[in-house]
Amino acid sequence: MSTPPTPLWEVFIRSRNGLAHRHVGSVHAADATLALHAARDVYTRRGEGLSIWVVPSAAITASDPAERDMLFEPTASKIYRHPTFYEVPDEVGHM
Amino acid sequence: MYSQGLNTAEPDSVPDGERAVRFQARIDAEEKIEPNDWMPEAYRRTLVRQISQHAHSEVVGMLPEGNWITRAPSLRRKAALLAKVQDEGGHGLYLYAAAETLGVSREELVDQLLAGKAKYSSIFNYPTLSWADIGAIGWLVDGAAIMNQIPLCRCSFGPYARAMIRVCKEESFHQRQGYEIMLTLCRGTAAQKAMAQDALDRWWWPCLMMFGPPDSQSLHSDTSMKWKIKRFSNDGLRQKFIDATVPQGHFIGLSFPDPELRQDPATGHWEHGPIDWDEFRRVVAGGGFTAQDRLEARRAAHAEGDWVRAAAAAHAAKRAARRNAA
């Protein structure tokens, strides 16, 4: 007999206040409450976090890696978006 | 806890043309490959097999140590062993999750293990006969696993590398608690020291086998190297393990069950006698009583959890139906 599938959840943990929640991995669970329990057991055995988010994996929309160049290459050519593009004489000091 | 050189790469025989050339160029440039990126089918299959074998090993690896939780000699040892076995379960879960990013389901992988179709590390097909075996496993089996797993933190496949970083961070406590058990036994009565020596005598050779067949017999290892799934050869890692471990054993007054073990004064390396690879093949193939026992224990645990999974699914369905009705 094959095992019936259990939904997949993505786990995000805030390691301490002042930091954003960060993706740490995933767990399988029947519902959100059990997903939180599983995430606590699997990803916070050594004080890794103060807060956990779980999100159904199916709810995530991701960009297509094949479109990476189209999406992100244009930012590389816009060097005038970076502070180092502009010239400030040394005498002016730190700016 | 573990990973082992029974993982062999698929031969990269099917030419994938231009995409494959670009893929290899990314690997050569030390770029990580992520799940949705294009990858050769052989790369995907190799990783699914290696990561799932690794995950199965973590889960089956809970059994030999779980055997001693209720008989640990003190509360301190019992708490440590419980935490260690729980870590092994966690490592299995990180690894299953990494394998799933390649398009296999958790349930498929679990069913393969329960059906006896999947391999796991041969080391867990040996029985834990005395409390000293718990010391030997932590010190030697986890020690060998660390040697194997540290290079995997730099593996070309992102999710596997990230899982291994978490595993390696947790692994160090496992090895230290094992060595402490051996140290305590060696400083105890003559009978306790003899128990530690007996454990080393039984676990030493199987631990050397954990690194997999010698480089001269290892199939497709070069493909794994080319893809940067593997970074060091089996023999290279084995040598590193021996060099690190032999002085630790001598320090606590134990001797190794290898009459040919000697330090080369020129290189400083410890040279070992021949390894019985026939035994390795027999144990990996699931020969012996313990292998059967391990699978039966996994099957029983899975079957006993059946009603829990069914109840959780029914509860979730009922709540979802109520939400939809409201």
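Letters A, B, ... are given to chains in the order of the sequence lines, protein chains preceding strands, and every chain is numbered from 1.
Across B/E170, B/K169, B/H302, B/E108, the residue that shares the most heavy-atom pairs under 4.5 angstrom with chain A is B/E170. Ranked by heavy-atom pairs under 4.5 Å with chain B, the first of A/D64, A/L34, A/T6, A/V27 is A/T6. Counting heavy-atom pairs closer than 4.5 Å to chain B, the top-ranked of the candidates A/T33, A/L8, A/V24, A/D31 is A/D31. Of the listed residues (B/T101, B/D37, B/L114, B/V110), the greatest number of heavy-atom pairs within a distance under 4.5 Å of chain A belongs to B/D37.
Side-chain contact, B/Q112 with B/H56: no donor N or O sits under 3.5 Å from an acceptor N or O. Inspection of the B/H174 and B/E171 side chains reveals an N or O donor paired with an N or O acceptor under 3.5 Å. Between the side chains of A/H28 and B/Y96, not a single donor N or O lies within less than 3.5 Å of an accepting N or O.
If you measure heavy-atom distances from B/R309 to chain A, the contacts under 4.5 Å come from the side chain alone. Both the backbone and the side chain of B/Q86 come within contact range of chain A, each with at least one heavy atom under 4.5 Å from a heavy atom of that chain.
With hydrogens and angles disregarded, a donor-acceptor distance shorter than 3.5 Å links the side chain of A/W9 to the backbone of A/A29. Side-chain N or O atoms of B/H91 include none that pairs as donor or acceptor with a backbone N or O of B/L93 at under 3.5 Å. Judged purely by atom type and a 3.5 angstrom limit, B/R294 uses its side chain to pair as donor or acceptor with the backbone of B/F124. Panel note: side chain B/S121, backbone B/S57; no donor-acceptor pair is recorded below 3.5 Å. No side-chain donor-acceptor contact under 3.5 Å links B/K84 to the backbone of B/Q175.
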Check residues 85-95 of chain A and write down every donor-acceptor pair under 3.5 Å in which the side-chain atom is one partner and the other belongs to a residue at least two apart or another chain.
| from | atom 1 | to | atom 2 | distance (Å) |
| --- | --- | --- | --- | --- |
| A/Y86 | OH | A/Y80 | O | 2.7 |

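Residues of residues 40-52 of chain A having a heavy atom under 4.5 Å from any heavy atom of chain B, listed by number: A/V42, A/Y43, A/R45, A/R46, A/E48.
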